[in-house]
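Note that these values count all heavy atoms, side chains included, but never hydrogens, waters or copies made by symmetry.
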Amino acid sequence: MYSGQLENIRRKYAANVKAPSWLPRNLHNSYKQTLVNIATAPNNKGRLPNKEAVKRGIKAWLNQRLPQDRKSTRLNSSHGYISYAVFCL
């Protein structure tokens, strides 16, 4: 694959990439750039990765970047069960 062709593919791909809404804002640009790099990096045979390979790559990146312990976001996280608050308007 020629470098000009690859640059065109990257540009088109990057224009359509959106970060998921649950991802912290400070990681949006990095997420987009990493996804474009993973999805448009040809292998040793010159082929672009398939969808599963891209998913594995971005999942590994997310596992490195996101905090592993999310207990503080849960209500009553110290209990063996989770209580839910219901609000009626």
Side-chain angles (χ1 to χ4, degrees):
M1 193 174 289
Y2 300 106
S3 63
Q5 289 175 320
L6 187 57
E7 191 56 41
N8 284 337
I9 290 170
R10 281 191 174 142
R11 219 177 281 126
K12 289 177 186 176
Y13 194 88
N16 293 311
V17 170
K18 298 201 177 5
S21 59
W22 49 262
L23 190 68
R25 279 215 182 272
N26 63 337
L27 294 178
H28 280 207
N29 289 336
S30 182
Y31 172 88
K32 291 177 187 179
Q33 187 61 48
T34 301
L35 185 57
V36 169
N37 288 343
I38 291 170
T40 59
N43 62 16
N44 55 1
K45 293 182 181 178
R47 295 186 180 148
L48 295 177
N50 63 19
K51 194 175 192 177
E52 291 304 313
V54 173
K55 282 183 182 180
R56 282 191 308 271
I58 203 65
K59 191 174 182 179
W61 182 85
L62 285 169
N63 284 337
Q64 290 175 348
R65 298 296 189 281
L66 294 177
Q68 298 303 312
D69 182 20
R70 301 291 306 248
K71 285 183 184 177
S72 61
T73 61
R74 278 191 244 145
L75 183 63
N76 295 330
S77 63
S78 61
H79 299 288
Y81 60 91
I82 298 174
S83 300
Y84 294 93
V86 178
F87 298 96
C88 299
L89 297 175

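- The minimum heavy-atom distance linking K18 with K32 is given by the pair CA-CE, 4.4 Å.
- To the nearest 0.5 Å, the span separating OG1 on T40 from CG on N8 amounts to 11.5 Å.
- Smallest separation of non-hydrogen atoms from A41 and P49: O-CD, 3.4 Å.
- What you find for L27 and W61 is that their closest heavy atoms are O-CH2, 4.1 Å.
- Note: E7 CD to R11 CZ = 5.0 Å, rounded to the nearest 0.5 Å.
- When all heavy atoms of H28 and L23 are compared, the pair lying nearest together is NE2-O, 3.0 Å.
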N43 and L48: CA distance, side-chain angles, deciding distance, side-chain contact (heavy atoms from CB on, under 4.5 Å) verdict | CA-CA 6 Å; N43 62 16; L48 295 177; over 6 Å; no
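- Here K59 contributes atom NZ and E52 contributes atom CD; the two are 10.0 Å apart, rounded to the nearest 0.5 Å.
- Side-chain contact between Y31 and I58 is present, with heavy atoms from C-beta onward closer than 4.5 Å.
- Listed here is the closest heavy atom pair of A39 and V54: CA-CG2, 3.8 Å.
- With values rounded to the nearest 0.5 angstrom, R56 atom CZ is found 11.0 Å from I38 atom CD1.
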Run the side chain to side chain donor-acceptor pair (under 3.5 Å) check on Q33 and N29 step by step: do they pass?
-> CA-CA 6 Å; Q33 187 61 48; N29 289 336; over 6 Å; no
